[in-house]
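Beneath this line is the structure, given in structure tokens, with notes to follow.
Only heavy atoms go into these numbers, but all of them, side chains included; no hydrogens, no water, no symmetry mates.
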Amino acid sequence: MKITQGLIMAVKSVLSNKLRTILSMLGILIGVATVIALVAMGKASSNEVASQVSTLGSPDSLSVTITGRGTVTSLSVDEALKLGELNNVSGVAPITSTNGYAKYGRTQVSVTVEGITPEYEEVKDFSVQDGRYIAAPDINNKTKVALIGTQTAQDLFEDERVDPEDAVGRKITINGYIFTIVGLLESKGDSLTGSNDEKILIPISTAQKVFQVSGVTTINMKVTDTKQMSSVVSSVEAQLYEKFRGNENAYRVLNQEEAMKTLNSVNETMNRQLIYVAAISLVVGGIGIMNIMLVSVTERTREIGIRKSLGAKKRDILFQFLVEAVVISGLGGMLGIVIGNIASYIIGEVMKTPTEVPMNTMLLSFGFSAFVGVVFGYLPANKAASLRPVDALRHD
């Protein structure tokens, strides 16, 4: 039998029983579509993680968090600034952070208040869109000036019929103390640590006085050469190790690359487990194909007997039934890819994150579906090919 003739006969046989074919390929279709959709979700999650991690700072930034040891739970501002003397460190921005209440007129909102130094602007890459930044004299004189986030400005001023963009120069109270707004921060959106637009920044010396805090628990740093990042991390950890007398649990040094690796690792593990579950449905679909093909062999026993009596060889029968199984699984795979891509588009719209289905994933899914057809189609195909013509013709 010619290959083309075998293909035509197999396709005709598949199309002659449309309902049976659809039911047979359903398991493969669902499995492939699920794999495609899950890969798209994984890519969307990875993109979202990358976007969120990028809001923590640029690739040349470091974040030091102090949890403390015993009675020592923070660093002094001078100790934090001393980290700037390390090699390959271009800037240090110690931060105190607390929750406070800001009030303007009759409107009062709860807001995150951070005490900062002038270096915060460069290290955190967080500038003002109007007004000026906190300067050294503000730190030295413990001046009650503030920089306000765009969302906080909107929450405070809109109810008082004041344009939030006119915030500079207005006076607000923070925990009962009168502050003058000297700058409106640019909009930065949300990050893993919360909203960057719902905060107020004040001089660190003023924050220590107003909120009665003496030390800092967060320090942001900027390195000169990202290739030396691991060296800088080691140097910072060495100083903190000495400060906290060998207690490595008293601090944490995190860079953007490490955060990205950690979050992506968790993300990939979850996606891998979900894909394993989806792969099971492909196997179940293969079993469904095998069952349907076995029924088909039984129904077409006389047809097989007639073909063999007319000279069809064992390999011809084997080839035809194998092709039928591959056609069913292949069609299921193709439809699954189409439905999976549609699902990935919908997922992207719902998650508001661009999804991506790599071409190699689609090719692999299709290839695996065809492989499932070969593996699970071989048993019924071999059963059909092994029938004796005399026994097949006697079948009722």
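Looking only at distances, a side-chain donor or acceptor of T67 sits under 3.5 Å from a matching main-chain atom of A250. With hydrogens and angles disregarded, a donor-acceptor distance shorter than 3.5 Å links the side chain of D138 to the backbone of A135. Under a 3.5 Å cut-off, the side chain of Q129 and the backbone N or O of L185 do form a donor-acceptor pair. In terms of modelled atom types and a separation under 3.5 Å, the side chain of T98 and the main chain of T112 share no donor-acceptor contact. Without hydrogens or angle criteria, T218 side chain to I95 main chain gives no donor-acceptor distance under 3.5 Å. Remark: side-chain polar atoms of E349 are not paired, donor with acceptor, to backbone N or O of I346 under 3.5 angstrom. Side-chain atoms of N88 come within 3.5 Å of backbone atoms of D225 as a donor-acceptor pair (strictly under, hydrogens ignored). A donor-acceptor distance shorter than 3.5 angstrom exists from the side chain of K188 to the backbone of D125, with no hydrogens or angles considered. A donor-acceptor pair under 3.5 Å is absent between the side-chain atoms of T152 and the main chain of I148, judged by distance alone. A side-chain donor-acceptor contact under 3.5 Å links T206 to the backbone of T143.
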After noting the C-alpha distance and the side-chain angles of V89 and T224, does the key distance pass the side-chain contact (heavy atoms from CB on, under 4.5 Å) rule? CA-CA 6 Å; V89 175; T224 307; over 6 Å; no
E237 vs Y251, test: side chain to side chain donor-acceptor pair (under 3.5 Å). Steps then yes/no. CA-CA 8 Å; E237 289 178 339; Y251 55 86; over 6 Å; no
After noting the C-alpha distance and the side-chain angles of M362 and N341, does the key distance pass the side-chain contact (heavy atoms from CB on, under 4.5 Å) rule? CA-CA 9 Å; M362 290 189 282; N341 275 279; 3.4 Å; yes
Are Y345 and V357 close enough, and set up right, to give a side-chain contact (heavy atoms from CB on, under 4.5 Å), and what steps lead you there? CA-CA 10 Å; Y345 173 78; V357 182; over 6 Å; no
Could you go through the side-chain contact (heavy atoms from CB on, under 4.5 Å) check for I116 and I202 one step at a time? CA-CA 6 Å; I116 66 166; I202 63 176; over 6 Å; no
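Looking only at side-chain heavy atoms (C-beta outward), P203 and K142 stay at 4.5 Å or farther from each other. With a 4.5 Å cut-off on side-chain heavy atoms, I134 and I139 count as touching. Taking the side chain as every heavy atom from C-beta outward, L75 and P94 never approach each other to under 4.5 Å. Residues K171 and I181 fail the side-chain proximity criterion, which asks for heavy atoms closer than 4.5 Å. The shortest distance between side-chain heavy atoms of I339 and L29 falls below 4.5 Å. The shortest side-chain heavy-atom distance between Q228 and N87 does not fall under the 4.5 Å cut-off. The side-chain heavy atoms of T180 and K144, taken from C-beta on, include no pair separated by under 4.5 Å. At least one side-chain heavy atom of Q154 sits less than 4.5 Å from a side-chain heavy atom of Q151.
Taking a 6.0 Å sphere around CD of Q108, one finds it holds more than 12 heavy atoms contributed by other residues, nucleotides or ligands. Crowding of E165 atom CD: a count of heavy atoms from other residues, nucleotides or ligands under 6.0 Å not exceeding 12. Annotation for F211: atom CZ counts as buried by contact number, over 12 foreign heavy atoms lying within 6.0 Å. Within 6.0 Å of atom CG in N175, more than 12 heavy atoms from other residues, nucleotides or ligands are found, so the atom counts as buried in its surroundings.
Of all heavy-atom pairs between E114 and S97, the closest is CG-OG, 4.0 Å. Nearest heavy atoms, G115 versus A207: CA-CB, 3.7 Å. In this structure, S369 and G330 approach most closely via the heavy-atom pair OG-CA, 4.4 Å. Nearest heavy atoms, A370 versus S329: CA-OG, 3.8 Å. The minimum heavy-atom distance between A146 and I200, with the atom names listed, is CB-CG2, 3.8 Å. Heavy-atom minimum distance, A102 versus L156: O-CD2, 3.6 Å.
Note that CZ of F366 is 8.0 Å distant from CG of L331, once rounded to the nearest 0.5 Å. Going from atom CD1 of I174 over to atom OH of Y104 covers 14.5 Å, rounded to the nearest 0.5 Å. A distance of 12.0 Å separates CD1 in I28 from CG in L335, rounded to the nearest 0.5 Å. Put simply, CD on E186 and OG1 on T150 are 9.5 Å apart, with the number rounded to the nearest 0.5 Å. Atom OH of Y133 is separated from atom CD of E122 by 11.0 Å, given to the nearest 0.5 angstrom. Within the model, atoms CG of N247 and OH of Y241 stand 9.0 Å from one another, a figure rounded to the nearest 0.5 Å.
Judged purely by distance below 3.5 Å, without hydrogens or angles, the side chains of S90 and K222 never pair a donor atom with an acceptor atom.
A continuous path of ILVMFWY side-chain contacts below 4.5 Å connects F126 to V128, so both sit in one hydrophobic cluster. Cluster annotation: V113 and L201 are assigned to distinct hydrophobic clusters (Ile/Leu/Val/Met/Phe/Trp/Tyr, side-chain heavy-atom contacts under 4.5 Å, transitive). Linking Ile, Leu, Val, Met, Phe, Trp and Tyr residues whenever their side-chain heavy atoms come within less than 4.5 Å places M334 and L363 in a single cluster. Criterion: ILVMFWY side-chain heavy atoms under 4.5 Å apart, direct or through other members. Under it, L184 and I172 are part of a common hydrophobic cluster. Connection of F371 to M290 is established within a shared hydrophobic cluster, with ILVMFWY side chains joined at heavy-atom distances below 4.5 Å, either directly or through further cluster members.
The only member of L62, V64, V123 that meets side-chain contact (heavy atoms from CB on, under 4.5 Å) when paired with I219 is V64. Checking each of L81, I66, T96 against V216 for a side-chain contact (heavy atoms from CB on, under 4.5 Å) leaves exactly one that passes, namely T96.
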